[in-house]
Amino acid sequence: MPRPLQALIDLSALEHNLSVVRHHAPRSRVMAVIKADAYGHGLLRAAEALANADGFAMLELDAAVRLREAGYRHTILLLEGFFDMEELAWIEQYRLSTVIHNREQIAMLSACRLPGRLDVFLKLNTGMHRLGFSLQQFSAAVEALRSHPAVGQITLMTHFACADESQQRESVFSQVERFNSAGKGWRLPRSLANSAAVLRYPETHADWVRPGIMLYGASPLAGTSAAELDLRPAMTVSSKIIAVQILKPGEGVGYGHTFRPGNPMKVGVVAGGYADGYPRHAPTGTPVLVNGRRTRVVGRVSMDMLHVDLSEIQDAGVGSPVVLWGRGMPVDEVAQAAGTVAYELMCALAPRMQKVT
Ligand SMILES: *Cc1c(COP(=O)(O)O)cnc(C)c1O
């Protein structure tokens, strides 16, 4: 028998979550964000389930090429653009679209003398202060691209810093305002919204929405569960109890003995640890499902195993099924307990984790 740990990828959940995006943004084209190996779900598998999207966005050139070679004719957008001139030739050859976010990229484009034209997404920094031209540089950048022989369609783009926080509406509106004022006068398609903005700010939907996390069934909105948003978990990480220990009062569990029950306690050992992608910093109390019932992680997570409290699940024993996150155990709750976000848990699945569909 193989080690009982696996990540089940639910393709129908991906499809369903895409339909939720369409429901919220019926007039926009959908660029499904599948960076980081589709947030850990597997690039080609996720692309197949999301084939009804109008485009795919990622930032790894090799992944974009693989997608094109797999036969997808969608718009495929590179979210960080290109890093050197050699990549530009690939982008042109594979008919990829690219973000352009700085002057160095425009200079490379000019120096490269490509035989064909590229579709570009010109990125404006409206307040995230990560990628994008400043408001002052923006018109010069649009002008440079509009007259550029190697540029085809230009789409204007920006990214929100705080769309997930309900208290931060003003931050979103001020970014929208800056974007609109910088883009005024150009009749060019636009793209602003990530998942949070798809759900919370219909006025930002424009021509292309760029959802990521909601496609995978985690909630992009702080304080709202995925279930409340009708999103279904696309990844379920499950395992089994492989050993049971009965602790006497005061005996410690695992490395460092960071957990010592005051009363006798039945504890299960689960196959799955930080070398599989379960967060080592998940503290005692992090929720977990055993035999379909909620309990908690106890003690320190080890490289290959973790401990769970079975004091309330007396019928559990070796072989009992465990869900670390996914169906029945929202990834957002596990992430919150571990002081991180669902994005990180999904992306951090280790290569040795077996993925099945
Ligand atoms: C990752 C990313 C997205 C998707 O964000 P989610 O919060 O996962 O919806 C959209 N746009 C850009 C530029 C990104 O980098």
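Order of appearance sets the numbers: ligands from 1, and atoms from 1 within every ligand.
- Hydrophobic clustering of Ile, Leu, Val, Met, Phe, Trp and Tyr side chains at less than 4.5 Å, counting indirect connections, unites I246 with L306.
- Checking R210 against H159 by side-chain atom types alone, a donor-acceptor pair falls below 3.5 Å.
- Taking a 4.0 Å cut-off on heavy atoms, E80 fails to register as neighbouring ligand 1.
- A salt bridge links D309 with R296: the closest approach of a Lys/Arg side-chain nitrogen to an acidic carboxylate oxygen falls below 4.0 angstrom.
- Of the protein's non-hydrogen atoms, Y39 OH, 2.6 Å is the one closest to atom 8 (O) of ligand 1.
- Under 4.0 angstrom from ligand 1, there are no non-hydrogen atoms of M214.
- Nearest protein neighbour of atom 1 (C) of ligand 1, counting heavy atoms only, is K35 NZ, 1.4 Å.
- At a heavy-atom cutoff of 4.0 Å, ligand 1 is contacted by the side chain of H159 but not by its backbone.
- Of all the heavy atoms of H101, none lies under 4.0 Å from any atom of ligand 1, so neither backbone nor side chain is involved.
- Taking 4.0 Å as the cut-off between side-chain N and carboxylate O, R27 and D207 do not count as a salt-bridged pair.
- R352 has a carboxylate O that lies under 4.0 Å from a charged side-chain N of D276, or vice versa, which qualifies the two as a salt bridge.
- Judged by distance alone, the side chains of D37 and H41 never bring a donor and an acceptor atom under 3.5 Å apart.
- For atom 7 (O) of ligand 1, the nearest protein heavy atom (residue, atom name, distance) is Y343 OH, 2.6 Å.
- Taking the centre of each ring, F173 and Y201 come in below the 6.0 Å mark.
- For the pair I213 and ligand 1, the shortest N or O to N or O distance falls below 3.5 Å.
- Regarding atom 9 (O) of ligand 1, its nearest protein heavy-atom neighbour is S195 OG, 2.5 Å.
- Of all atoms in ligand 1, listed by their number and element, those nearer than 4.0 Å to a heavy atom of R130 are 15 (O).
- Ranking protein heavy atoms by distance to atom 10 (C) of ligand 1, first place goes to R210 O, 3.3 Å.
- For the pair G212 and ligand 1, the shortest N or O to N or O distance falls below 3.5 Å.
- Using a 3.5 Å distance cut-off with no hydrogens or angles, the side chains of T126 and T158 do pair a donor with an acceptor.
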